[in-house]
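Just so we're clear, the structure is a prediction, and the values are computed from it rather than from any experiment. Computed over heavy atoms, backbone and side chain alike; hydrogens, waters and symmetry mates excluded.
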Amino acid sequence: MSVEATTASQKSQVDLLDFVDWSGVECLNQNTSRSLVNALKQEYREADELYLESDADEQLLIYIPFKQVIKLHSIVIKGPEEDGPRVVKLFVNKENMGFSNVNDFPASDSAILSPDNLKGKPVTLKYVKFQNVRSLTIFVENNQSDADITKIQKLVLIGTTVETTDMKGLKKIEEH
């Protein structure tokens with residue numbers, strides 16, 4: 001790929017929020033008064049006083065389905081220095097995962113979040129593993145200080161939609 005093509009593809013990366021299928025979004029072990037909506041929805045995730053918080057322990061299991069197939073390039077997970085996530089594992093197209101079986105599957109990618117990541121620096125993913133994403137499961141294994149509660153202030157998924165063939169645009173080949 002040429003430098004121009006690489007630059008062009010990076011410029012087309014967008015916040016994939018508009019492609020989230022909200023009817024299927026789930027978050028296991030969230031505090032119901034500090035839910036995933038606070039970290040994921042556009043209006044809420046910009047307000048510092050709103051955040052996602054774990055409930056019984058530090059782990060969170062977030063499931064995000066999409067309205068169409070996407071390519072995921074990077075992820076932003078912003079959180080407080082002490083209570084922000086540390087080890088995060090991402091799974092592509094895995095339905096019905098729970099805490100009991102999350103370790104039965106190999107992660108598509110994983111990251112140890114640095115203080116810079118928690119301030120908003122994107123984590124670039126292994127792009128080849130995120131080409132045909134219908135859903136994303138994010139497992140927050142622990143947090144920075146091994147505290148009982150994990151907090152996520154902002155969650156942003158960055159990538160592109162997968163171009164599908166427009167059948168109406170194809171011309172019928174006439175037989176001779």
Side-chain angles (χ1 to χ4, degrees), residues 6-7 9-20 22 25-31 34-66 70-94 97 99 102-103 105-133 135-161:
T6 304
T7 308
S9 69
Q10 286 173 340
K11 285 181 184 167
S12 63
Q13 305 294 336
V14 296
D15 180 342
L16 295 167
L17 188 64
D18 290 343
F19 303 100
V20 170
W22 288 98
V25 171
E26 291 180 18
C27 182
L28 302 182
N29 193 38
Q30 67 182 341
N31 177 331
R34 301 231 177 250
S35 69
L36 177 60
V37 168
N38 288 344
L40 195 56
K41 276 221 167 165
Q42 187 69 47
E43 319 81 70
Y44 301 164
R45 68 183 183 193
E46 303 307 328
D48 286 340
E49 69 276 6
L50 297 176
Y51 49 86
L52 164 62
E53 184 177 271
S54 64
D55 192 20
D57 61 25
E58 75 283 6
Q59 295 186 334
L60 289 162
L61 193 60
I62 301 166
Y63 175 74
I64 304 171
F66 297 97
I70 58 108
K71 293 180 182 186
L72 191 60
H73 176 268
S74 53
I75 185 168
V76 173
I77 300 177
K78 191 175 171 194
E81 212 172 301
E82 297 280 311
D83 306 327
R86 189 171 86 81
V87 176
V88 177
K89 295 180 179 176
L90 305 173
F91 302 86
V92 172
N93 304 333
K94 291 281 184 224
M97 289 181 75
F99 290 109
V102 74
N103 290 318
F105 304 100
S108 302
D109 203 354
S110 60
I112 297 174
L113 301 181
S114 69
D116 283 345
N117 294 134
L118 292 175
K119 290 177 184 147
K121 181 183 178 195
V123 175
T124 302
L125 303 173
K126 294 175 185 160
Y127 199 53
V128 293
K129 296 196 176 195
F130 295 87
Q131 293 296 299
N132 290 299
V133 180
S135 68
L136 180 69
T137 302
I138 303 168
F139 174 49
V140 177
E141 195 168 304
N142 56 26
N143 59 38
Q144 297 289 328
S145 61
D146 292 323
D148 289 341
I149 291 175
T150 298
K151 295 177 183 174
I152 297 176
Q153 295 163 314
K154 186 176 192 174
L155 179 60
V156 183
L157 306 171
I158 301 164
T160 58
T161 55

pair Ile70-Leu136: side-chain heavy atoms closer than 4.5 Å
no
Next on the checklist: Could you check whether any side-chain N or O of Asn93 sits under 3.5 Å from a backbone N or O of Val133, counting only pairs where one atom can act as donor and the other as acceptor?
Outcome noted: no
For Leu17 and Asp15, the nearest pair of non-hydrogen atoms, with its separation, is N-OD1, 3.0 Å
inquiry  = Within the structure provided, determine whether Gln153 and Pro80 are in side-chain contact (heavy-atom separation under 4.5 Å).
reply    = yes
Would you say the side chain of Val14 lies within less than 4.5 Å of the side chain of Leu16, judging by non-hydrogen atoms? yes
Rounding to 0.5 Å, atoms CG (Asn29) and CD (Gln59) come to a distance of 8.0 Å
**Q.** Close aromatic pair by centroid cut-off 6.0 Å: Tyr127 and His73
**A.** yes
Could you tell me whether Asp83 and Lys151 make a salt bridge, using a distance below 4.0 angstrom between a side-chain N and a carboxylate O?
-> yes
To the nearest 0.5 Å, atom CD of Glu53 lies from atom CD of Glu58 at 13.0 Å
Sidechain-backbone polar pair: Ser74 side chain, Pro122 backbone, donor-acceptor under 3.5 Å: no
Might you confirm whether atom CD of Glu43 has over 12 heavy atoms from other residues, nucleotides or ligands at distances under 6.0 Å?
yes
Report task. Look only at the side chain of Ser54 and the backbone of Thr150, and say whether a donor-acceptor pair between them is shorter than 3.5 Å. Result -> yes
Note: Ile152 and Val140 closest approach over all heavy atoms is CD1-CG2, 4.1 Å
Phe105 and Lys94 have their tightest heavy-atom pair at CD2-CE, 3.6 Å
Any side-chain heavy atom of Cys27 within less than 4.5 Å of one from Leu61?
no
Distance col, row Gln42:CD vs Lys154:NZ, nearest 0.5 angstrom, shows 7.5 Å
Heavy-atom nearest pair, Ile158 first then Gln13, reads CG2-CB, 3.8 Å
d(Asp55 CG, Ile149 CD1) to nearest 0.5 Å is 8.0 Å
Distance col, row Arg86:CZ vs Asn142:CG, nearest 0.5 angstrom, shows 5.0 Å
Mind checking whether Val88 and Val123 have side chains closer than 4.5 Å, heavy atoms only? no
Of all heavy-atom pairs linking Leu28 and Met97, the shortest is CD1-O, 4.0 Å
One should read off an interatomic distance between Phe91 CZ and Lys129 NZ, to the nearest 0.5 angstrom, of 11.5 Å
Test side-chain contact (heavy atoms from CB on, under 4.5 Å), reference Leu60, set Leu52, Leu36, Ile138, output is Leu52
### Task
Evaluate whether atom CD of Gln131 has more than 12 neighbouring non-hydrogen atoms of other residues, nucleotides or ligands under 6.0 angstrom away.
yes
